[in-house]
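Here is the structure we will look at, set down as structure tokens.
If you're wondering where the values come from, they're calculated on a predicted model, not measured in any experiment. For reference, positions follow the sequence shown, starting with 1.
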Amino acid sequence: MTPPPNGADHGLPRVVRDTLPLALDVAVQVAALNGVCIRPIEVRRFDTCTGRTEPFDLPCATTNEAKCPPCAQRNKQLRKAQCREGWHLDVEPVTEPHPATDDQKWLIEFRADVQARRDAAERDGQDTTDWDEAIAGIDAEINAAGMRGNLTGRTTARRSRSTRRRQDTPDLPRRARCNTTLGRTFTAPDGTVFRPSLFVTLTLPSYGKIRPGQGVPVDPAAYDYARAARDALHFSKLVDRFVQNLRRVAGYDVQYFATVEPQKRFAPHLHMAIRGTLPRTEIKAIAAATYHQVWWPPVDDVKFEGEHLPVWTERAEPYPDGQAGDYLDPVTGELLPTWDQALDHLDADDQAEPLHVIRFGAQVDVQGLLAGSTDAHRRIGYLTKYLTKSLGDTLDLDQDDNEAAPTRAVINQARRDHATRLIEALRYEPCSPTCANWLRYGIQPKGAKAGMVPGRCRGKAHKPEHLGYAGRRVLVSRKWSNKALRDHKADRRAWVLDMLGLPDNVETDPHRYIWRPVTAKDPTRTPLPVRLLRGVANRQRTRARLDELRARAEGRPLPDLSATSALGVAA
């Protein structure tokens, strides 16, 4: 008897049928168990040499920030390898650029000639539109030829304020600068040379008394949610300042691998692996002397809220900044000051104070570690522990927490209430110069556009799963392992291909293939279940072949591949 098209046996009672798992849900679970992306992105690759078009399934991690669990786990393993390879380097990483090719030199000479002709036309009062378009095309060719940066330089003036240190911040010592990224070595009496490194943990200050082990405030009314929200918004800038101060004091180009994770109270804190060592007292002094001032217009006076909001009006002619319109006061009809005008007013006020000053808390943990030690391996796992989760995934206590189920349920509800209050404090807090919340305080956001409403900013910081932190979760210095993440991916790929005995057919011509995404409206798009099954089959085939190779290398009996062979997935 042929089963019904939807796979359900309609001879069963409805109550029984509703308890049967969905085939797609099972396919997703199987894909996740096999480490296959559960949200693959279908693309087609067109070969300009042969004219053939091939389908490919790219993992969601290649384009989306919110990765599925298998992709997040794979990214975590890559980050572990990156951290391990760079932490205790004993040789300087090679970062010298490749020498310029003849084609690259010719492009620069051609660019110089066109620039000279454009400048001559401008001096003669001629129209330079055509020359500017030609220069833009040549600049694109320069980047396509394998050169970084541009030849135009900065086109807008940089806004800066006084760099004098605050009176309430201690001065830091400075060592003579050494052109190295490696830390000091120490020689034991027996001649053994040690090159230790550091593991540093930095936290934010207290905003109110917290219940131990729960992360919820004892008195929510006394908890400073406004300060907690602003500290989370600007935490990434504070980390940048710490690295700057660290390098000034250390005297060498300190390299680091750091991750930002949430504490139980939902405040971000930093775990940082540092190559080389400094005295613990100096690390703590650097943390105490590090601060970041947010020089933004004040937000104490709420001018527009509720139904009384600014009105958008189109400009007769777009200004040079490209903004198509302006926001007006709905009562007076006056234009709201633009972002640049608000900053100009702030710069002209000698008595102005920064909107916010963020500092680290007094709790600073510094540990010295040796390469290859058990503690170093454990700290690498600790650095990458939460990379498979978003900041908001830690709202509830884990099942292995030392709490009874009823008590844990009460604590989890209190934690969710705590997170709700923090998110509400973030709702009207400006997260960036382009944030729609500036309209609430009578200022047009940078690059304002129609439809902006205070309290509805789509910025990353305002999303509940990020809890105010909009920066990167992993921070890696440029000379850490002398490899980018794609290089570590290439290493893993090369290892698998070598184990399988397959050639590494990497195309060196970047212009040979044209990649086109397959849209949801494409009638030839492969259904998601089929793509999942295709990924599972490929993963099973690869694993079966690897198991066979391991068995041969160890002299064990070969695994039984009959089942997978019958499905057409054996090697």
Side-chain angles (χ1 to χ4, degrees), residues 36-37 39-65 67-68 71 74-75 78 97-115 130-152 483-539 541-542 545 568-569 571:
V36 176
C37 176
R39 292 195 291 269
I41 301 169
E42 186 176 9
V43 297
R44 294 194 178 102
R45 187 181 71 177
F46 175 73
D47 192 333
T48 58
C49 296
T50 64
R52 295 179 55 188
T53 300
E54 299 175 282
F56 281 89
D57 292 330
L58 299 180
C60 64
T62 58
T63 56
N64 297 340
E65 182 181 352
K67 307 176 184 66
C68 67
C71 288
R74 191 178 303 112
N75 182 69
L78 287 173
H98 299 301
T101 64
D102 292 338
D103 291 340
Q104 292 172 342
K105 294 177 181 178
W106 181 87
L107 275 173
I108 296 299
E109 292 175 351
F110 181 53
R111 173 69 165 78
D113 181 63
V114 175
Q115 182 69 45
D130 293 340
W131 289 113
D132 291 337
E133 293 178 355
I135 288 175
I138 298 172
D139 288 342
E141 288 292 332
I142 287 175
N143 293 135
M147 287 180 276
R148 295 177 294 143
N150 60 73
L151 299 175
T152 58
K483 292 181 182 179
L485 205 59
R486 61 177 178 272
D487 298 321
H488 291 282
K489 291 180 182 179
D491 291 344
R492 292 169 65 92
R493 180 178 182 273
W495 179 86
V496 172
L497 291 176
D498 182 66
M499 289 291 295
L500 296 176
L502 300 176
D504 190 358
N505 297 324
V506 178
E507 177 59 44
T508 57
D509 184 6
H511 304 290
R512 176 174 178 178
Y513 296 110
I514 299 176
W515 299 82
R516 295 191 180 97
V518 180
T519 64
K521 297 180 180 180
D522 192 332
T524 63
R525 186 186 188 192
T526 307
L528 176 60
V530 176
R531 285 183 279 145
L532 292 177
L533 295 176
R534 187 163 55 196
V536 171
N538 291 335
R539 184 56 56 88
R541 180 173 63 250
T542 302
R545 180 60 176 165
V569 297

Where do [X] and [Y] come nearest, in terms of heavy atoms and distance?
| X | Y | value |
| --- | --- | --- |
| P59 | R74 | CB-NH1, 4.4 Å |
| N75 | L485 | OD1-CD2, 3.5 Å |
| C37 | C60 | SG-N, 3.3 Å |
| V36 | G535 | CG2-O, 3.5 Å |

Could you tell me which residues satisfy side chain to side chain contact (heavy atoms under 4.5 Å, CB included) with E54, sequence neighbours excluded, listed by chain and number?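 Side chain to side chain contact (heavy atoms under 4.5 Å, CB included) list for E54, sorted by chain: R45, R52, F56.
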Sequence-distant partners of P99, side chain to side chain contact (heavy atoms under 4.5 Å, CB included), two or more places apart: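 Partners of P99 by the side chain to side chain contact (heavy atoms under 4.5 Å, CB included) criterion come out as none, since no residue qualifies.
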Taking only residues two or more places apart in sequence, or in another chain, which ones meet [X] in a side-chain hydrogen bond (donor to acceptor under 3.5 Å, both in side chains)?
| X | answer |
| --- | --- |
| T53 | none |
| D47 | T50, R512 |
| R44 | D522, T524 |
| N143 | none |

Side chain to side chain contact (heavy atoms under 4.5 Å, CB included) between I514 and T48, intermediate numbers included: CA-CA 7 Å; I514 299 176; T48 58; 3.8 Å; yes
Interatomic distance, [X] atom [atom1] to [Y] atom [atom2] [nearest 0.5 angstrom]:
| X | Y | atom1 | atom2 | result |
| --- | --- | --- | --- | --- |
| I142 | R148 | CD1 | CZ | 14.0 Å |
| N538 | R541 | CG | CZ | 4.5 Å |
| D57 | R534 | CG | CZ | 4.0 Å |

Within a 6.0 Å radius of atom CZ on F110, are there more than 12 heavy atoms belonging to other residues, nucleotides or ligands?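 Not more than 12 within 6.0 Å, no.
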Take I138 and V114 through the test side chain to side chain contact (heavy atoms under 4.5 Å, CB included) and record every step on the way to the result. CA-CA 9 Å; I138 298 172; V114 175; 3.6 Å; yes
Checking side chain to side chain contact (heavy atoms under 4.5 Å, CB included) between L528 and each of L532, V530, T526, which is the one that passes?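 Answer after filtering L532, V530, T526: L532.
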Quick one: do R516 and V43 satisfy side chain to side chain contact (heavy atoms under 4.5 Å, CB included)? Show the steps, please. CA-CA 6 Å; R516 295 191 180 97; V43 297; over 6 Å; no
Are L78 and K489 side-chain neighbours, meaning at least one heavy-atom pair lies under 4.5 Å?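 Yes, at least one pair of side-chain atoms sits under 4.5 Å.
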Side-chain (Q104) to main-chain (T101) donor-acceptor, under 3.5 angstrom: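 Indeed, once roles are kept as given, a pair shorter than 3.5 Å links the two residues.
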Could you check R111 against L107 for side chain to side chain contact (heavy atoms under 4.5 Å, CB included), going step by step and ending with a plain yes or no? CA-CA 6 Å; R111 173 69 165 78; L107 275 173; over 6 Å; no
